[in-house]
Amino acid sequence: MSTSSAEPSVYAYIGLGSNMGDREQYLRRSLELLAERPGVRITRQSGIYETEPVGFVDQDPFLNMSAEVETTLPPEGLLDAMLDVERQLGRIREIRWGPRTIDLDLLLYGQAERSSDFLQLPHPRMLERAFVLVPLIEIAAARDPALAEWLHEHLEKLDRKEGVCLWKKAQ
Ligand code: GSY
């Protein structure tokens, strides 16, 4: 991230998922590419979890993780950067809710709230998905214990906790 910027920075959280090709490589490469963008610094990464597919269940298991980003970009700018990274990696998604090489979701951007067609914050489905909550709680706890506690309460309330198994510890 540019150090000369006088812009205030914000901590944002993103969710990453892949279930096609070299899944780990897609996750790692997407964070490398995101970190190359001006105004973006990856400050924490969760472990990688292998998770049973949700939605369209007849597909391969996912690898999911979460990352904390310190950014001077506005929420829409960060989302644009994430969509660019998906394009750079030649994102393939043949079926809605189906298999994909890489998926980057903006989950939280500080305390920001948005409800446009382009961007909804907090992410509208994040509290319903254990594959999002488990890695997110892992990294949120270090920066914001109250946030982690709130996420954990939602995780406890989920009827359906799809299989979420730690696959590789955080580096
Ligand atoms: O929402 C992101 C794509 N996705 C996933 C995912 O990342 N992990 C799991 N376990 N199931 C999913 N279903 C969809 S769609």
Side-chain angles (χ1 to χ4, degrees), residues 1-2 5-21 23 25-46 48-49 51 53-57 59 62-140 143-144 147-148 150-151 154-155 158 162:
M1 179 160 68
S2 158
S5 168
E7 295 291 316
S9 64
V10 174
Y11 288 100
Y13 292 91
I14 67 175
L16 302 90
S18 170
N19 76 337
M20 286 176 82
R23 301 173 300 168
Q25 186 58 23
Y26 277 116
L27 298 179
R28 303 246 182 249
R29 189 71 191 125
S30 59
L31 290 178
E32 284 170 8
L33 290 172
L34 202 54
E36 288 173 8
R37 312 289 299 211
V40 177
R41 197 162 71 92
I42 309 295
T43 42
R44 201 167 268 117
Q45 298 181 32
S46 73
I48 298 179
Y49 294 79
T51 68
V54 172
F56 178 66
V57 294
Q59 56 179 319
F62 279 79
L63 291 184
N64 286 109
M65 68 182 294
S66 186
E68 181 189 79
V69 171
E70 185 184 7
T71 185
T72 54
L73 298 177
E76 291 76 9
L78 179 58
L79 181 59
D80 265 337
M82 292 163 59
L83 294 172
D84 262 355
V85 166
E86 288 184 343
R87 281 190 285 268
Q88 271 178 279
L89 288 175
R91 169 176 161 144
I92 299 171
R93 184 184 71 176
E94 279 144 7
I95 313 170
R96 188 161 191 233
W97 310 116
R100 71 260 334 261
T101 46
I102 187 67
D103 196 50
L104 302 178
D105 287 325
L106 182 53
L107 304 173
L108 295 166
Y109 179 99
Q111 308 291 320
E113 295 184 10
R114 292 284 190 281
S115 59
S116 71
D117 289 345
F118 178 62
L119 176 60
Q120 290 170 276
L121 285 170
H123 188 286
R125 288 174 298 282
M126 61 178 262
L127 298 177
E128 299 157 18
R129 295 172 167 182
F131 70 78
V132 174
L133 289 174
V134 172
L136 180 57
I137 290 167
E138 185 190 320
I139 54 170
R143 170 120 9 235
D144 187 342
L147 170 62
W150 178 72
L151 295 169
H154 282 277
L155 179 65
L158 287 187
E162 69 277 6

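All values reported here derive from a predicted model rather than from experimental measurement. In what follows, residues are counted from 1 in the order of the sequence shown.
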Supply the atom-to-atom distance [X] [atom1] to [Y] [atom2], rounded to the nearest 0.5 angstrom.
{"X": "M126", "Y": "L121", "atom1": "CE", "atom2": "CG", "result": "9.5 Å"}
{"X": "L89", "Y": "T101", "atom1": "CG", "atom2": "OG1", "result": "7.5 Å"}
{"X": "M20", "Y": "F62", "atom1": "CE", "atom2": "CZ", "result": "10.0 Å"}
{"X": "E32", "Y": "I42", "atom1": "CD", "atom2": "CD1", "result": "10.0 Å"}
{"X": "I102", "Y": "E86", "atom1": "CD1", "atom2": "CD", "result": "7.0 Å"}

#### Entry: Derivation of the side chain to side chain contact (heavy atoms under 4.5 Å, CB included) call for M82 and V85
CA-CA 5 Å; M82 292 163 59; V85 166; 5.7 Å; no
Report yes or no: does [X] contribute a side-chain atom to a donor-acceptor pair with the main-chain N or O of [Y] at less than 3.5 Å?
{"X": "T71", "Y": "G39", "value": "yes"}
{"X": "S46", "Y": "S66", "value": "yes"}
{"X": "N19", "Y": "R100", "value": "yes"}

Closest contact, heavy atoms only, [X] versus [Y]:
{"X": "E70", "Y": "S9", "answer": "OE2-OG, 2.8 Å"}
{"X": "L133", "Y": "H154", "answer": "CD1-C, 4.2 Å"}
{"X": "N64", "Y": "G17", "answer": "ND2-CA, 3.3 Å"}
{"X": "L16", "Y": "S30", "answer": "CD2-OG, 3.3 Å"}
{"X": "E128", "Y": "P124", "answer": "OE2-O, 3.9 Å"}
{"X": "A140", "Y": "L147", "answer": "CB-CD2, 3.9 Å"}

Review item, side-chain donor-acceptor pairs of residues 104-115, under 3.5 Å, at least two apart:
residue: Y109; atom: OH; partner: L73; partner atom: O; Å: 2.6
residue: R114; atom: NE; partner: E76; partner atom: OE2; Å: 2.8

### Task
Kindly write out the residues that satisfy side-chain hydrogen bond (donor to acceptor under 3.5 Å, both in side chains) with Y49, not counting sequence neighbours, or none if the list is empty.
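Result, side-chain hydrogen bond (donor to acceptor under 3.5 Å, both in side chains) vs Y49: E138.
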### Query
Can you list the residues that meet the side-chain hydrogen bond (donor to acceptor under 3.5 Å, both in side chains) rule with Q120, with sequence neighbours excluded?
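Q120: no side-chain hydrogen bond (donor to acceptor under 3.5 Å, both in side chains) contacts found.
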### Task
Only counting residues at least two apart or in another chain, list the ones meeting salt bridge (Lys or Arg N to Asp or Glu O under 4.0 Å) with D84.
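Partners of D84 under the salt bridge (Lys or Arg N to Asp or Glu O under 4.0 Å) test: R37, R87.
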#### Entry: E36: salt bridge (Lys or Arg N to Asp or Glu O under 4.0 Å) partners, not counting sequence neighbours
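E36 satisfies salt bridge (Lys or Arg N to Asp or Glu O under 4.0 Å) with no other residue.
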### For E68, all residues meeting side-chain contact (heavy atoms from CB on, under 4.5 Å), sequence neighbours excluded
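Testing E68 for side-chain contact (heavy atoms from CB on, under 4.5 Å), a comparison that skips the adjacent residues, returns Y11, Y13, T43, R44, I139, R143.
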